[in-house]
Amino acid sequence: MNPPVDNLIIGAGPAGLTTAYCLAKAGAGVRVLEADPRYVGGISRTAHYKGFLFDIGGHRFFSKSKEVVDLWDEILPDDFIDRPRLSRIYYGGKFYAYPLRAFEALANLGLIESTLCMASFGWAKLTPIRDPKTFHQWVRNQFGERLFGIFFKTYTEKVWGMSCDEIAADWAAQRIKGLDLMSAVIDGLKRSLGVRPAGGAVAKTLIESFRYPRKGPGMMWEACAEKIKRFGGEVAMDTRVTGATWDDSTALWTVSTVRGDGSGATMTARNLVSSMPMRELAHAISPAPSSLPQADGLKYRDFLTVVLIGQSATTLPDNWVYIHDPAVTVGRVQNFRSWSPEMIPDATSSCLGLEYFCFEGDGLWSSSDADLIARASREIAVVGLMRAQDVTDACVVRQAKAYPVYDEAYRDNVAAVRDELAALYPTLHLVGRNGMHKYNNQDHAMMTGMLTALNIQAGRRKFDVWDVNEDAEYGEAGFSGAKEALASERPVPGRVT
Ligand SMILES: Cc1cc2nc3c(=O)[nH]c(=O)nc-3n(C[C@H](O)[C@H](O)[C@H](O)COP(=O)(O)OP(=O)(O)OC[C@H]3O[C@@H](n4cnc5c(N)ncnc54)[C@H](O)[C@@H]3O)c2cc1C
């Protein structure tokens, strides 16, 4: 067997590549093992089809963490563009600007419905549900029952495939954080009156512009992989990790992998960093953890995009449109030209991504591409964003485990697996979205990678990656404080002591 690698990293998504980049830059040995034969970037990859480029969902580059933004600029210094954000909600045959514009929303809803919404909001404020446990209860407290029914229920149930009474309030608190009806209405009034929001913290969901690599998020992660190689690291594609065995006597991991053609390999490493789904990791590890039943309790929501290409008579200004309307099954429509004109190989074609939320193996997931394309062409015409006859080409991209599910049991299940693996294996590091079963954005995944690189350099888990909040912020002193504290300890790159 070959000599051990300092650091084996499972997954070339944002979490794995960030960890590898930081370690390789510090002079440590890294090998990244990526299951995908073609793309780096994980869910943040950019897929290619006949010169058309598209995301798995649209990926805004926005972070409150300066360290993450600095790293984006370091990896991709010349290729960011600033994009205006325009998104709308389609409901009941009408479009609503999102974030809402007060007068437009009032006009669309009509006087009676608007009055009922305000009354139901007032009632919710007078009679709040104490300690809300579910998404439904949380949103009802914040916006009232009526607005919950119009603007939250159908879309959320499309996304998660379960009732809003089964979704934990945690998810709402994280995703709609900082937004309540008053701030949405005040913001909407300002927008209606043409007043730009001045200074102060704006809820993430209301942000008006964002940065974007001119050829999609994959451009960032392809550049990152190239730089890792330049620092002396390796990125092995088409290499799926199937097993990881810990040997107490040598303090080494032996990792088994398989390629698409069925050929396998094994390799040893001092540190193992995993961004593969927690549930799968628990099954890959031996000796097997006793928390396997809790790992099996972790659930995921899957996702597919039907990309429709054509010469559309409709000019669509939005980056994306949320489809709340229950008349169609599509959940969201991405307009890739609005993300960046360089996503489209010519000046006139439209390229729309119709996003369907599903479970791996269910009817939608297992439908043939031809059936999915027919469904998407029908539904895009119902919504009025493109005529079915204008579609000239199409393709389907499936993304398994796009969303870690936050159900009632997830928190306890994650804690059981996390705590056991941490106690048994000091040189195993969990990072990223499915790696930590955290519904996060790239910045959070990256911050867990940056801290993990520091932990590996320190030779112990000095920083708790589970303390990174959803804004990718870490502790009181932040990541810079952590880095400075560590620098004063003279770390040894890639060494575990
Ligand atoms: C629809 C949608 C829209 C989004 N929009 C945004 C956005 O606007 N802005 C934003 O910042 N974030 C967005 N995100 C979130 C972002 O995609 C994730 O936070 C980010 O990709 C997580 O990075 P990761 O490295 O943790 O995981 P992933 O991106 O999932 O990468 C994990 C990698 O590990 C590989 N892997 C898995 N198992 C194995 C194995 N056994 N062996 C080897 N390799 C393996 C996978 O192939 C993958 O490449 C969005 C996500 C979705 C689903």
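Order of appearance sets the numbers: ligands from 1, and atoms from 1 within every ligand. Positions are given from 1, in the same order as the sequence printed here. On a predicted model such as this, the values are computed, not experimentally measured, just so you know.
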Is the gap between the ring centers of W339 and F210 under 6.0 Å? yes
List, ordered by chain and residue number, the protein residues whose closest non-hydrogen atom lies under 4.0 Å from any atom of ligand 1. I10, G11, G13, P14, A15, L33, E34, A35, G41, G42, I43, S44, I56, G57, G58, H59, R60, T239, R240, V241, S275, M276, P277, F303, R332, A402, Y403, G432, R433, N440, N441, Q442, A445
Under-4.0 Å salt bridge between K66 and D73: no
Test: R214 cationic atom under 6.0 Å from F80 six-membered ring centre, within 45° of axis: no
Does R418 make a cation-pi contact with W466, if we ask for NZ or CZ under 6.0 Å from the ring centre and within 45° of the axis? yes
Here's one to test your reading of the geometry: is the NZ or CZ of R88 within 45 degrees of the ring axis of Y96 and under 6.0 Å from its centre? no
Are E280 and K401 within salt-bridge range, i.e. N to O under 4.0 Å? yes
